[in-house]
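Just so it is clear, the model here is predicted, and its values are computed rather than measured. Computation of the quantities below employed the complete heavy-atom set of this structure, encompassing side-chain atoms and omitting hydrogens, waters and symmetry-equivalent molecules.
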Amino acid sequence: MFAKNIYTGGCCLDINPELLNIEVSDFLDNDLLFNQPFSGVLSTQLGTSLNNFSNAFSIFDFKKDAINIIHDFKEDLLGFHREMNIIGNAVQCITKRVETQKLLISKLFKAREYIHRYYTHKITLKVLAEVSGISKFHFARVFKNCFKMTPLEMQEQLRMKKAEELILKDHISLTSIAYQLGYTDLALFSKRFKKYYKISSSLYIK
């Protein structure tokens, strides 16, 4: 993916359309997928995979495991395609102009990427509106319409998934986990954890 007059470092993948197992015309007709930059290294599986690939794999590694690597990229690309269809349907209710839709999605992706990068910190709607370039008055509504959750819910989801990961590491205390994730005290973390997983954090450890 690229944007006119915007330099982007990375790699170019030429995947046989037959590997996608979908109507190629449907894929290529999705104007929202092409000719624009996306901020998605942390917030999309495709972005994470491409970033990991460009940073970790050598030509030798690719040749050695090319089939599995391409298969994973295919799944990530199709997943991104499905996500863009959902988001595209949402932004069509806001504006009918494709170029405006592209701009809006690009701005929303910046906000989502910011949440994924700084979810352990305090994040306000004001900051997200400034990051995205969308007015604070419209931001929360547009974000929820496109991602099916509020920015706060997305942040909480990321914190809880990380909490589950850390809890499985026996040497980390619940208090330490709470502070690592940005909660002011253990009681607040425990309350949020129980609300999310329907079980207390202390019982989850057992």
Side-chain angles (χ1 to χ4, degrees), residues 1-3 6 8-57 61-62 64-95 98-119 128 131-132 134 142-165 196-197:
M1 296 173 190
F2 64 91
I6 297 179
T8 55
C11 56
C12 176
L13 296 176
D14 186 5
I15 299 178
N16 188 325
E18 293 181 2
L19 293 176
L20 297 177
N21 295 324
I22 63 170
E23 287 292 333
V24 178
S25 59
D26 292 342
F27 188 83
L28 297 179
D29 284 344
N30 190 337
D31 290 332
L32 299 179
L33 278 172
F34 302 102
N35 300 320
Q36 66 167 324
F38 288 102
S39 300
V41 172
L42 299 175
S43 57
T44 67
Q45 186 56 51
L46 177 62
T48 300
S49 295
L50 288 171
N51 183 64
N52 291 341
F53 175 80
S54 62
N55 289 331
F57 282 95
D61 293 324
F62 181 78
K64 185 172 62 175
D65 199 24
I67 298 300
N68 288 331
I69 292 172
I70 291 175
H71 178 270
D72 290 343
F73 277 141
K74 181 200 77 170
E75 295 302 318
D76 294 340
L77 187 59
L78 291 177
F80 189 66
H81 177 253
R82 288 190 292 269
E83 180 184 27
M84 291 302 292
N85 282 336
I86 294 172
I87 296 174
N89 290 335
V91 296
Q92 283 176 16
C93 297
I94 300 171
T95 176
V98 174
E99 290 306 314
T100 306
Q101 292 173 15
K102 287 183 176 183
L103 181 60
L104 184 57
I105 290 175
S106 182
K107 289 182 175 183
L108 287 169
F109 269 49
K110 286 181 181 179
R112 184 171 70 169
E113 187 74 4
Y114 185 92
I115 295 172
H116 277 71
R117 188 173 298 277
Y118 298 108
Y119 67 90
L128 291 175
V131 167
S132 65
I134 301 173
V142 174
F143 189 97
K144 186 173 183 179
N145 285 346
C146 289
F147 298 125
K148 310 308 177 187
M149 64 178 74
T150 67
L152 182 60
E153 289 170 342
M154 182 175 288
Q155 180 185 23
E156 192 75 356
Q157 182 184 76
L158 292 168
R159 283 180 169 184
M160 289 298 105
K161 287 181 177 179
K162 187 63 176 181
E164 182 183 33
E165 176 188 326
Y196 190 87
Y197 286 110

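- Here the closest non-hydrogen pair linking H116 and S43 is ND1-CB, 3.4 Å.
- The side-chain contact (heavy atoms from CB on, under 4.5 Å) test applied to N145 returns R141, not counting sequence neighbours.
- T48 places a side-chain N or O within donor-acceptor distance of the main-chain N or O of V41, the cut-off being under 3.5 Å.
- Separating the OG1 atom in T95 from the NZ atom in K102 is a distance of 13.0 Å, to the nearest 0.5 Å.
- Under the 30°/60° scheme for interplanar angles, the aromatic rings of F147 and F109 are found to be tilted.
- Shown here are the side-chain contact (heavy atoms from CB on, under 4.5 Å) partners of V91, two or more places apart in sequence or in another chain: I87, Q101, L104, I105, C146.
- Between the CZ atom in R117 and the CG atom in L42 there is a gap of 4.5 Å [rounded to 0.5 Å].
- The side-chain contact (heavy atoms from CB on, under 4.5 Å) check on R82 picks up L78, with sequence neighbours excluded.
- For the atom pair CD (Q157) and CE (M149), the distance works out to 4.0 Å, reported to the nearest 0.5 Å.
- A donor-acceptor contact shorter than 3.5 Å links the side chain of S49 to the backbone of Q45.
- Distance check: R159 CZ to Q155 CD gives 4.0 Å after rounding to the nearest 0.5 Å.
- Look at E156 and K162 and you find no salt bridge, because none of the NZ, NE, NH1 or NH2 atoms lies under 4.0 Å from a carboxylate O.
- Atom NZ of K107 has more than 12 neighbouring heavy atoms from other residues, nucleotides or ligands inside a 6.0 Å radius.
- Rounded to the nearest 0.5 Å, atoms CG (D76) and OG1 (T44) are 8.5 Å apart.
- Of all the heavy atoms in T150 and F143, the pair that sits closest is C-CE2, 3.9 Å.
- In this view, I86 and K148 satisfy the side-chain contact (heavy atoms from CB on, under 4.5 Å) rule, not counting sequence neighbours.
- Here the straight-line distance linking atom CE of M84 with atom CG of N89 works out to 11.0 Å at 0.5 Å rounding.
- The salt bridge (Lys or Arg N to Asp or Glu O under 4.0 Å) test applied to E164 returns no partner, not counting sequence neighbours.
- Other residues, nucleotides and ligands contribute only 12 or fewer heavy atoms inside 6.0 Å of the OH atom of Y118.
- Residues passing the side-chain hydrogen bond (donor to acceptor under 3.5 Å, both in side chains) test with E75: none are found, sequence neighbours excluded.
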